[in-house]
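Before any comments, here is the structure.
Predicted, not measured: the structure shown is a model, and the values here were computed from it. Values below: all heavy atoms of this structure, side chains included; hydrogens, waters and symmetry mates excluded.
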Amino acid sequence: MNPIANELLQQIQTLNPIQQAWLSGYCWAKSEQAGIAPNAVASATSVASTDAQVAQIVQATPKNITVLSGSQTGNTRKVANTLVERLQAAGLPVKHINIGDYKTKQLADEEIVILLTSTQGEGEPPEEAVSLHKFLYGKKAPKLDKLQFAVLGLGDSSYEYFCGAAVAFDSKLAELGGTRLLDRTDCDLDYQASADAWIEKIVPVLVAQNQATGTVTTTATTSAVTASSSSIYTKENPFPATLLTRQKITGRGSDKDVRHVEFDISGSGLHYQAGDALGVWASNDEALVDEILDALKLDKDEKIVSNGATLREALINDLEITQNTPQFVKGYSEFAELPETAVQNPQVFASSHPIVHIVKHYPATLTALQFVELLRPLTPRLYSIASSQAEVGEEVHLTVGVVRYQDGDTERQGCASHYLAERAEEDGEVRIFVEHNNNFRLPENHDTPIIMIGAGTGIAPFRAFVQQRAADEATGKNWLIFGNPHFSEDFLYQTEWQTFAKDGYLHKYSFAWSRDQDEKIYVQDKIRENATDIWAWLKDGAHIYVCGDANKMAKDVEKALLDVIAEQGKFTLEEADEYLDELRQDKRYQRDVY
């Protein structure tokens with residue numbers, strides 16, 4: 001044996017099992033940073049420890065650690081998986097549960113809970129964490145005097161209620177008597193560095209908690225958290241899919257521009273289920289990049305990143321320039337004289353003034369590096385998949401609403417939607433990956449009826465649902481409640497729905513064309529109009545699915561459902577809310593909202 005290795009082994013053998021477990025976890029993290037296989041390092045520390053040695057120290061009852069993750073896009077779950085791996089490497093008793101699968105009444109018996117959550121809408125929890133949030137803020141919330149906890153939030157600082165769900169969980173757990181192990185950390189879209197730093201802090205804290213009881217275990221368990229596709233292609237390593245077609249599926253007279261987009265994923269190994277999302281890595285419009293560079297009078301060829309990319313290349317491929325943030329407004333105000341309203345309320349100013357507008361109307365003198373430091377990294381956009389792989393095979397389909405808005409006399413476009421609709425070349429490559437959504441799934445029993453409620457592009461996953469039901473020859477009834485402005489211009493996939501109805505896979509349909517009459521009619525009106533049938537389907541075991549805008553449509557739909565349940569079930573609104581939450585916990589009420 002190498003003399004240095006021999007000496008290292010001798011030193012390791014002098015450590016007690018707890019110290020060895022901690023060292024193993026520490027080396028695991030450092031080996032990942034250095035690109036060394038973690039198992040190789042872990043084995044060097046574990047050889048000195050035997051089951052007999054560990055048995056001598058395992059005398060006190062271990063402090064079990066429950067890691068709860070609530071994720072809308074999968075990022076939170078990935079961070080939680082990393083944390084669990086680190087805790088397992090340190091020999092700590094840990095279990096990882098998606099919040100949607102967690103039985104809320106268990107909380108009163110927990111010793112240590114590490115909660116990681118994203119935020120959606122106006123500071124609200126992700127869909128799978130709604131029941132826990134309601135429980136904690138309801139009348140049945142328990143005292144948590146014995147609980148120790150820590151909270152990590154993932155969010156988007158361009159929104160007013162940044163990491164609002166994490167803030168709410170953290171404050172309520174403390175209010176109910178829980179003790180913080182670590183102050184809450186909030187991560188922005190470029191979350192990785194902040195999340196890694198938080199993990200580096202929380203792992204030693206948790207090791208110390210078990211040191212206090214003299215506890216180390218040789219094994220740790222983690223509950224089933226569905227793995228991603230077996231494909232080698234991921235968010236970090238996207239697949240270069242061929243763009244097969246993009247067809248406009250709204251009429252000429254429509255105020256909306258919605259495209260049906262198809263990709264060829266042959267040879268990728270990518271697999272998806274109805275209800276999953278597709279991540280798209282888009283590039284920024286080169287014309288927009290040049291407009292910004294001209295306004296700032298910056299050298300487009302200046303090298304500003306370590307990989308040798310020029311400023312212009314970085315703005316096209318790596319940096320976010322279509323979504324403004326309060327942080328950009330604050331930072332830019334140090335170089336330019338912005339209106340007083342911008343300084344007083346950067347959130348409102350950012351939401352109404354794109355970055356290109358600010359740099360053109362409020363000129364500043366700053367370097368390329370100073371400008372780049374004000375921007376966030378470009379992130380992929382997620383779209384609900386509009387196809388079933390059982391139907392389309394080695395393809396994946398999307399329903400994309402092209403984002404356009406006015407900036408004075410200039411029309412601006414969204415980054416990814418404009419990229420897919422116009423800038424990406426047909427037969428060219430688009431970088432994609434599958435983002436699994438296990439909280440938006442068809443019932444396993446093919447006899448179960450389903451009610452699908454959506455507006456606009458929210459119809460996408462329901463096309464996938466019915467394709468899948470047809471492929472499975474499912475006997476359960478399918479009911480579509482869909483809304484858009486005009487029947488003649490905005491009936492997305494009209495002929496397909498007619499075929500589904502003819503073939504016996506669309507048993508009931510209710511359409512809300514909001515602008516086809518003087519009085520506006522929305523999907524929530526159709527829910528109330530069909531109250532008797534909604535209740536009958538629910539009593540027959542139906543699952544309800546909602547897809548669309550989180551801030552308006554989804555809230556209005558939920559209110560309508562509560563009204564129907566209260567009316568038909570002879571409940572109070574409070575009882576109706578409990579009934580609907582029971583449906584949510586039983587996976588019979590699922591939402592894909594954004």
Side-chain angles (χ1 to χ4, degrees), residues 33 75 154-159 162-163 185-197 235-238 279-339 342-343 346-381 403 407 410 412-419 423-424 431:
Q33 295 171 8
N75 291 335
L154 271 69
D156 181 346
S157 60
S158 66
Y159 288 90
F162 174 52
C163 287
T185 293
D186 297 333
C187 305
D188 208 342
L189 286 179
D190 50 341
Y191 65 89
Q192 197 64 61
S194 299
D196 288 346
K235 175 182 176 182
E236 294 73 26
N237 180 39
V280 176
W281 283 98
S283 60
N284 287 308
D285 187 353
E286 294 184 17
L288 176 63
V289 169
D290 291 337
E291 194 175 352
I292 290 174
L293 290 173
D294 290 343
L296 292 171
K297 296 181 173 56
L298 293 174
D299 180 3
K300 64 184 178 65
D301 295 320
E302 182 176 347
K303 300 287 177 53
I304 51 90
V305 291
S306 57
N307 64 5
T310 65
L311 173 60
R312 186 174 188 272
E313 290 168 340
L315 291 176
I316 292 172
N317 299 311
D318 303 321
L319 298 168
E320 179 61 72
I321 58 174
T322 59
Q323 293 182 348
N324 201 356
T325 66
Q327 287 71 27
F328 178 84
V329 173
K330 293 176 184 176
Y332 191 77
S333 67
E334 297 179 8
F335 301 97
E337 187 173 343
L338 297 184
V343 178
Q347 176 70 47
V348 172
F349 193 78
S351 64
S352 56
H353 296 81
I355 289 173
V356 64
H357 177 100
I358 293 177
V359 299
K360 289 183 70 175
H361 289 79
Y362 306 99
T365 300
L366 74 172
T367 67
L369 184 58
Q370 287 171 331
F371 178 62
V372 164
E373 288 177 343
L374 299 178
L375 303 174
R376 299 186 301 179
L378 189 61
T379 56
R381 271 50 167 181
V403 176
D407 174 24
T410 305
R412 303 291 182 191
Q413 298 87 20
C415 174
S417 64
H418 183 238
Y419 171 78
R423 291 188 284 111
R431 297 175 299 151

Close side-chain approach of [X] to [Y], heavy-atom, < 4.5 Å:
| X | Y | answer |
| --- | --- | --- |
| K300 | T310 | no |
| T365 | F335 | no |
| N75 | K235 | yes |
| H418 | T322 | no |

Return yes if some donor-acceptor pair links the side-chain N/O of [X] with the main-chain N/O of [Y] below 3.5 Å, else return no.
| X | Y | value |
| --- | --- | --- |
| D188 | D190 | no |
| S417 | Q413 | no |
| R423 | S283 | yes |
| Y332 | Y362 | yes |
| W281 | E236 | no |
| E334 | A336 | no |

**Request:** Sequence neighbours left out, what passes ring-ring contact (aromatic ring centres under 6.0 Å, His included) with F371? Give chain and number order.
**Result:**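 Once residues adjacent in sequence are excluded, F371 has no partner under the ring-ring contact (aromatic ring centres under 6.0 Å, His included) criterion.
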**Request:** Using the test ring-ring contact (aromatic ring centres under 6.0 Å, His included), find all partners of H353 that sit at least two apart in sequence or belong to another chain.
**Result:**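 Result, ring-ring contact (aromatic ring centres under 6.0 Å, His included) vs H353: F349, H357.
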**Prompt:** Between L366 and L374, does a side chain to side chain contact (heavy atoms under 4.5 Å, CB included) hold up when you go through it step by step?
**Reply:** CA-CA 11 Å; L366 74 172; L374 299 178; 4.2 Å; yes
I need the minimum non-hydrogen distance between [X] and [Y], along with the two atoms involved.
| X | Y | answer |
| --- | --- | --- |
| A282 | A416 | CB-CA, 3.7 Å |
| V329 | L338 | O-CD1, 3.6 Å |
| E313 | G308 | OE1-O, 4.4 Å |
| C187 | A195 | SG-N, 3.8 Å |
| I304 | L311 | CG1-CA, 3.8 Å |

**Item:** Heavy atoms of other groups near Q192 CD, more than 12 under 6.0 Å
**Value:**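 Counting other residues, nucleotides and ligands, CD of Q192 exceeds 12 neighbours.
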Let me confirm one number: the [atom1]-[atom2] distance from [X] to [Y], rounded to the nearest 0.5 Å.
| X | Y | atom1 | atom2 | value |
| --- | --- | --- | --- | --- |
| T325 | L375 | OG1 | CG | 8.0 Å |
| R312 | D290 | CZ | CG | 4.0 Å |
| L296 | Q370 | CG | CD | 11.0 Å |
| N284 | I316 | CG | CD1 | 8.0 Å |
| Q347 | Q327 | CD | CD | 8.0 Å |
| C415 | L378 | SG | CG | 5.0 Å |

**Request:** Flag the pair R381 and E320 as a salt bridge only when some basic side-chain nitrogen lies within less than 4.0 angstrom of an acidic carboxylate oxygen.
**Result:** yes
**Request:** Tell me, please, which residues at least two apart from S158 pass side-chain hydrogen bond (donor to acceptor under 3.5 Å, both in side chains).
**Result:**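 Testing S158 for side-chain hydrogen bond (donor to acceptor under 3.5 Å, both in side chains), a comparison that skips the adjacent residues, returns D156.
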